[in-house]
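Report on the following structure.
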Amino acid sequence: MAETIHVSVAWPYANGDLHVGHLAGAYLPADIFARFQRLKGNRVLMVSGSDSHGTPITVTAEQQGVSPREVFEKYHRRFLETQQRIGISYDLFTHTDTENHHRISQDFFLRLLERGALYLETQQLLYDEEAGRFLPDRMVEGTCYLCGYEQARGDQCDNCGHLLDAVKLINPRSKLTGNTPVVRETQHYFLDLPRFKDRLREYLRDKDYWRPNVINFARNMVEELRGRPITRDIDWGIPVPLEGWEGKCLYVWFEAVIGYFSASVEWARNTGQPEAWRDWWYNPRTRMYCFIGKDNIPFHTVIWQAELMGVSGIYSDDEDQPLTLPYDVPANEYMNVQGAQFSKSRNWAIWLPDILERYDPDAIRYYVASVLPETRDTDFTWEGFVARNNNELVAWWGNLVNRVLKFAYKHWDGAVPDPGEPGPADRALLEKVEGGFESVGALLDGVKLRAALGEAMSLAREVNVYLDGAPWFGVVKEDKQAAARTVYTALQAINYLKVLLAPFLPFSAQRLHEMLGFEGQLFGEQRIARYDEATRSHEALIYDGSKAIGRWEPERLPPGQRLQKPAPLFRKLDEKKVLEEELSRLGA
């Protein structure tokens with residue numbers, strides 16, 4: 001029976017290009033997982049979008065002397081193009097400045113207020129006297145009062161991961177002027193998180209299948225819950241829907257996660273089935289996954305759940321009908337670059353639009369997937385990129401495909417040979433590779449993506465070992481039937497591996513699918529579309545799987561099927577040239 005799967009993917013701040021850290025942290029893992037679930041025949045809804053209201057957008061706008069809207073619209077378009085090129089198959093990638101998202105976020109706020117889950121409190125906040133404005137937390141930097149990290153943000157410390165009170169920062173400084181801000185009073189609404197403590201404890205009780213760092217952080221956070229402000233003094237964002245609150249907006253951390261819900265509603269309406277979002281959000285059998293980086297763990301393991309608990313029954317006839325809570329939050333750690341942390345100011349980063357100009361998307365996807373920071377920080381190195389590309393992607397997989405297809409195309413007139421009766425070695429190989437649908441599939445379903453890729457590639461090596469010990473290359477003239485049996489067995493194994501590797505390597509899997517003589521799209525179509533909403537139109541990345549034919553199951557390769565003329569799937573890289581060129585770009 002098909003399962004219902006929701007894939008919620010972290011919303012990137014639309015103030016700069018995406019880099020490999022973004023890809024490794026959330027976007028590639030989510031895409032691999034969603035593609036696998038689609039191949040399984042499950043009903044998948046994968047959504048995300050550009051975070052249009054985060055303080056980083058306003059900071060960039062201040063620095064460039066333009067409006068926040070100009071900044072986010074520029075980078076939203078670049079996000080669409082970049083993610084399409086790297087193959088992130090969202091059902092909908094939208095943004096948070098749509099009429100739909102504004103309305104739903106305000107409805108969440110009003111429902112929480114109506115149910116007594118919000119309270120008013122007078123706050124002491126940092127104020128920049130030269131700029132004449134209160135400072136959002138991310139416009140303040142200083143020394144973390146918990147761990148001593150000297151470049152902590154006002155909302156969270158990137159070093160220890162704790163949420164912070166900006167007023168308590170040691171030696172705070174304004175990112176607008178560089179001045180030391182003063183403390184002033186202002187009034188805001190707070191989300192009463194402690195009222196959800198018992199329900200959150202119960203929710204987390206059976207989540208031992210979560211990654212250890214994620215579940216441990218969440219359980220510890222629940223024991224230390226305190227109210228958190230959900231409004232702020234700023235004029236860029238979603239207005240607080242109350243009279244007398246002009247000039248104040250909903251806090252971005254509160255409304256951005258609501259995007260998973262609002263994007264589902266937008267997707268349903270845009271596909272002509274306006275109530276379809278309920279199949280995920282009011283379905284107790286839905287498995288909902290949040291793919292995020294570790295800096296987002298507090299918001300996606302505790303705070304988002306509290307918001308959902310607090311608005312149960314929203315847009316439903318049953319006032320108490322519970323909304324679906326995340327089944328798993330497979331947060332990744334950080335991916336460094338050449339042994340050092342990402343730094344935008346020092347240009348110590350590998351930007352996706354840039355790397356895609358020089359390397360194939362599947363080569364990038366393969367390397368990043370092979371070193372995903374699933375349980376600890378990992379490192380993107382150009383030496384590693386070249387080695388994995390040349391020694392694994394090209395040597396183990398690409399060369400296997402190329403030499404077998406070329407041999408078959410040449411000696412059997414461009415068709416799949418008839419194997420006759422398979423021998424014990426042939427059956428043993430196909431049984432082993434076919435077993436990958438269970439072993440690789442179990443790892444993918446458990447979001448153990450690095451292990452799944454390693455298992456699939458180990459099966460590719462098994463095919464190479466089989467060919468090294470089987471009659472085919474040297475006996476084709478003396479015993480063509482024996483060669484046909486070996487070549488067919490290898491082609492059938494390659495056909496299986498095509499599917500096992502497709503979630504990781506969708507572009508080359510499609511080309512291989514066609515070279516093997518099959519028609520149709522494994523995954524369907526992905527495109528950038530324009531939608532006309534009630535008050536504004538916007539562009540979005542969408543996925544249409546209605547014509548997808550791929551299935552997570554063994555498919556027999558018919559003898560006699562016409563092959564396309566083979567061509568190499570991957571390019572071997574010149575290590576010296578790559579290192580010279582790419583290392584010179586870092587920090588430049």
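A cation-pi geometry, defined here as NZ or CZ lying under 6.0 Å from the six-membered ring centre and within 45° of its normal, does not hold between Arg388 and Tyr367. A cation-pi arrangement is present between Arg35 and Phe523, with the terminal nitrogen or guanidinium carbon under 6.0 Å from the aromatic centre and inside a 45° cone about the axis.
For the pair Asn402 (side chain) and Pro566 (backbone), a donor-acceptor distance under 3.5 Å is absent.
Side chains of Asn332 and Arg211: a donor on one and an acceptor on the other come within 3.5 Å. Side-chain atoms of Asp544 and Ser546 include a donor-acceptor pair closer than 3.5 Å. Lys498 and His513 share a side-chain donor-acceptor pair at under 3.5 Å. In the model, Gln341 has no side-chain atom that pairs as donor or acceptor with a side-chain atom of Asp158 under 3.5 Å. A side-chain donor from one of Glu582 and Tyr359 sits under 3.5 Å from a side-chain acceptor of the other. Counting only N and O atoms by type, the side chains of His76 and Ser52 include no donor and acceptor under 3.5 Å apart.
Residue-environment remark: NZ (Lys480) exceeds the threshold of 12 foreign heavy atoms within 6.0 Å.
Taking the six-membered ring where tryptophan is involved, the planes of Phe380 and Phe385 are essentially parallel, since the angle between them stays under 30° and well short of 60°. Note: Phe79 and Tyr75 have tilted aromatic rings, judged against thresholds of 30 and 60 degrees for the angle between ring planes.
The two residues Ala529 and Ile542 make their nearest non-hydrogen contact at CB-CD1, 4.1 Å. Heavy-atom minimum distance, Tyr496 versus Leu430: CE1-O, 4.1 Å. The two residues Ala26 and Ala10 have their closest heavy-atom pair at CB-CB, 4.3 Å.
The only member of Gln84, Gln83, Arg38, Glu525 that meets side-chain hydrogen bond (donor to acceptor under 3.5 Å, both in side chains) when paired with Ser89 is Arg38. Checked against His6 for a ring-ring contact (aromatic ring centres under 6.0 Å, His included), the options Trp281, Tyr260, Tyr289 give a single hit: Trp281. Tested against Glu81, the residues Arg78, Arg85, Arg77 include a single salt bridge (charged side-chain N to carboxylate O under 4.0 Å, His left out) partner, Arg77.
Considering CZ of Phe36 and CD1 of Ile5, their distance stands at 9.0 Å, rounded to 0.5 Å. Distance check, rounded to the nearest 0.5 Å: OG1 of Thr82 to CD1 of Ile88 gives 10.5 Å. From Tyr90, atom OH reaches atom CD of Gln526 across 9.5 Å, with rounding to the nearest 0.5 Å. Atom CD in Glu3 sits 4.0 Å away from atom CZ in Arg287 (nearest 0.5 Å).
Electrostatic pairing of Asp362 and Arg511 does not count as a salt bridge here, judged by no charged N lying under 4.0 Å from a carboxylate O. By the 4.0 Å N-to-carboxylate-O rule, Glu333 lies too far from Arg376 to be salt-bridged with it. Look at Arg365 and Asp31 and you find a salt bridge, because one of the NZ, NE, NH1 or NH2 atoms lies within 4.0 Å of a carboxylate O, short of that distance.
Annotation: salt bridge (charged side-chain N to carboxylate O under 4.0 Å, His left out) contacts involving residues 447-462, sequence neighbours excluded, comprise Lys432-Glu462.
Residues meeting the salt bridge (charged side-chain N to carboxylate O under 4.0 Å, His left out) test with Glu581, sequence neighbours left out: none.
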